2 protein chains.
Amino acid sequence: MALATTRSSTPRAVRDPADGSPTHQSLKSAQTRARLIDAAIRCIVRFGYANTTTPRVASEAGLSRGAMLHHFENGQALIKAAIVELHEKRLRAFRRAADVGDHDVGTLVHTYWRQLQKPGFIAFHELALAARTHPELGRILQPLQAEFSARFNEQAYALFPEWQGQRDQFDLAMTLSQTMLEGLAVGLLTGSVKEATVEPMLALLEQQIRALNPALAQQASA
Amino acid sequence: MALATTRSSTPRAVRDPADGSPTHQSLKSAQTRARLIDAAIRCIVRFGYANTTTPRVASEAGLSRGAMLHHFENGQALIKAAIVELHEKRLRAFRRAADVGDHDVGTLVHTYWRQLQKPGFIAFHELALAARTHPELGRILQPLQAEFSARFNEQAYALFPEWQGQRDQFDLAMTLSQTMLEGLAVGLLTGSVKEATVEPMLALLEQQIRALNPALAQQASA
DNA sequence: TGAAAAAAACATGCATGCTTGTTTTCGCCT
DNA sequence: AGGCGAAAACAAGCATGCATGTTTTTTTCA
């Protein structure tokens, strides 16, 4: 997706009638848009961001390219929508994970790890790396990434009473977790890490987190 | 670089006369080839692999596109040469680091970390991620990556008497280091990690490595 | 019937490999 | 020794393919 620097114009959104009742067409339109966004994400995962072209996305969605551009104006608009969708997916998954009653460190680590195994992470990493050399993409991605990071850390901190009053240690543990787990995930993606070493790494991370908090230290580690 | 699936033909290498003495032409040719390879790597770092086109590389090298294709047949041959060059750079850097007399854990961690800060790592990561969706690239990259990994681990194991007889622990420490440091480097690249958190992370890694080896445990950690 | 959705047709730009042309260097041979 | 032919280094142009956005036509449905 070349992400041509075009003026972002008329965001051809679904417009219901004045009374707000969704018409048949507006429903179908929203549904088609969703199908296109999903197709875009699938393409990014399967072919990589660089090879995610408009004809491919359209064909993946089972639509003509013309129909696709009817809904999205240009490729950039579609990518932007896909990013927002991915972001919201991430937030939803985080909320779901936070709702789990069990706040054991090991469970948390494994939950986060499972998140990174999903296709969404691949797509995000593809986009994040592409953004390095594509300012246009960076401008879209950066604020969302910051928002997620802030919300994630804040919520997590509030969720764990064991860390109260040790914000620095907690932040360190969070950064450590993100770094290790994402490093592991990227390593798997690029083949520099073998599948068999994943579990030992998770155990090591868990152990390290416990070591950072005296209140957790006495609990057994795997 | 589209990496068209073309038959790899005549690897137009530099051929000296039978007596092996380098002629003026062969020297200049080798030099030009090196300039092209360097230009390719620079382009990958600056524009990303996907935006590394043959005209860009040629212009970066200060040559015409025709001249470039005279030396490299097609884009793929150039990329392949660039990968090999990067691989050898990595091996050389590793050898240099191993020659340092001081085998302190902290020094080693920082030395490895400094390696990952160099442009070569960016290029390698770009290529590794592109290889995920580009089998052609993967076939080139994979064996070199395996060779480096094996050589790296073997040499490092021989270099540290403190770990003798604890191969499993040692391998774990190596994987941990690679995962953490590469995760950190990628995090910096994609903006998901702040510069300020790097040093604390390195300290944490160092501490964890010491914890894995009783012989190192008594030494002070930062 | 008329507006939105979908499809098709169109025009442009760029990257790729290939081919042709020009200059420089090398080996050889009288 | 010196010039001649071959080959390599370099440059430029050509044709193809594909991705992009724009415009026009057809279909669908309230």
Side-chain angles (χ1 to χ4, degrees), chain A residues 1-10 12-17 21-36 39-40 43 47-79 136, chain B residues 1-19 21-36 40 43 47-79 136:
Chain A
M1 194 77 62
L3 244 266
T5 55
T6 50
R7 74 275 173 252
S8 59
S9 44
T10 340
R12 202 172 303 201
V14 192
R15 28 191 184 296
D16 295 335
S21 70
T23 76
H24 178 204
Q25 275 189 341
S26 76
L27 275 177
K28 192 176 177 191
S29 175
Q31 181 178 329
T32 304
R33 283 174 63 94
R35 224 173 55 217
L36 280 166
C43 282
F47 309 116
Y49 172 75
N51 305 319
T52 295
T53 67
T54 40
R56 262 201 182 131
V57 174
S59 125
E60 178 78 19
L63 256 65
S64 77
R65 218 172 63 88
M68 164 180 158
L69 265 78
H70 168 71
H71 283 278
F72 276 104
E73 205 83 24
N74 57 34
Q76 170 163 0
L78 175 59
I79 291 296
E136 199 74 29
Chain B
M1 195 77 63
L3 244 267
T5 55
T6 50
R7 73 276 173 250
S8 60
S9 44
T10 340
R12 202 171 304 200
V14 191
R15 26 191 182 299
D16 295 335
D19 60 357
S21 69
T23 77
H24 181 201
Q25 277 191 340
S26 73
L27 275 178
K28 194 174 177 192
S29 175
Q31 182 178 329
T32 302
R33 283 175 63 95
R35 224 173 55 219
L36 281 166
C43 282
F47 310 116
Y49 173 75
N51 305 319
T52 296
T53 66
T54 40
R56 262 201 182 132
V57 173
S59 128
E60 179 78 19
L63 253 67
S64 77
R65 216 175 65 88
M68 164 179 158
L69 263 76
H70 168 72
H71 283 279
F72 277 105
E73 206 83 24
N74 58 33
Q76 171 164 357
L78 175 59
I79 291 297
E136 199 73 29

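Computed from a predicted structure; not experimentally measured. To find a chain, count down the sequence lines: A is the first, B the second, and so on, and within it residues start at 1.
- If you measure from atom CZ of F47(B) to atom P of dA15(C), you get 11 Å, rounded to the nearest angstrom.
- A search for side-chain contact (heavy atoms from CB on, under 4.5 Å) contacts involving A39(A) returns R42(A), V57(A), E60(A), A61(A), not counting sequence neighbours.
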Stepwise, does the side-chain contact (heavy atoms from CB on, under 4.5 Å) test hold for E73(A) with L78(A)? CA-CA 8 Å; E73(A) 205 83 24; L78(A) 175 59; over 6 Å; no

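- Here I79(A) contributes atom CD1 and T54(A) contributes atom OG1; the two are 10.0 Å apart, rounded to the nearest 0.5 Å.
- Here the P atom of nucleotide dA11(D) and the CE atom of M68(B) are 13 Å apart, to the nearest Å.
- OP1 and OP2 of dA6(C) both lie 4.0 Å or more from every side-chain N or O belonging to H70(A).
- The interatomic distance linking L69(B) (CG) with dC10(D) (C1') rounds to 12 Å, in whole Å.
- When atom types are taken as modelled, the side chain of R33(A) and the backbone of H71(A) share a donor-acceptor pair closer than 3.5 angstrom.
- For Q31(B) and dA8(D), the CD to C1' distance is 15 Å, given to the nearest whole Å.
- Interatomic distance, CE of M68(B) versus OG of S59(B), reported as 11.0 Å (0.5 Å rounding).
- Rounded to an integer number of Å, the gap from N74(B) CG to dC18(C) P is 7 Å.
- Atom pair N51(B):CG and dA19(D):C1' shows a separation of 14 Å (rounding to whole Å applied).
- Phosphate proximity of dA8(D) to H71(B): absent, as no side-chain N or O sits under 4.0 Å from OP1 or OP2.
- dT20(D) atom C1' lies 15 Å from atom CZ of R56(A), rounded to whole Å.
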Take R56(B) and T53(B) through the test side-chain contact (heavy atoms from CB on, under 4.5 Å) and record every step on the way to the result. CA-CA 5 Å; R56(B) 262 201 182 132; T53(B) 66; 3.5 Å; yes

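- Following rounding to the nearest Å, R35(B) (CZ) and dA9(D) (P) show an atom-to-atom distance of 13 Å.
- T54(A) has no side-chain polar atom (N or O) that falls below the 4.0 Å cut-off from OP1 or OP2 of dG21(D).
- Only L63(A), S64(A), G66(A), A67(A), listed by number, bring a heavy atom of residues 58-67 of chain A to less than 4.0 angstrom from any atom of DNA chain C.
- The side chain of T53(A) lies closest to dT20(D), out of dG17(C), dG21(D), dT20(D).
- Between L63(A) and T32(A), some side-chain heavy-atom pair lies under the 4.5 Å cut-off.
- In terms of phosphate contacts, T32(B) brings no side-chain nitrogen or oxygen within less than 4.0 Å of OP1 or OP2 of dA9(D).
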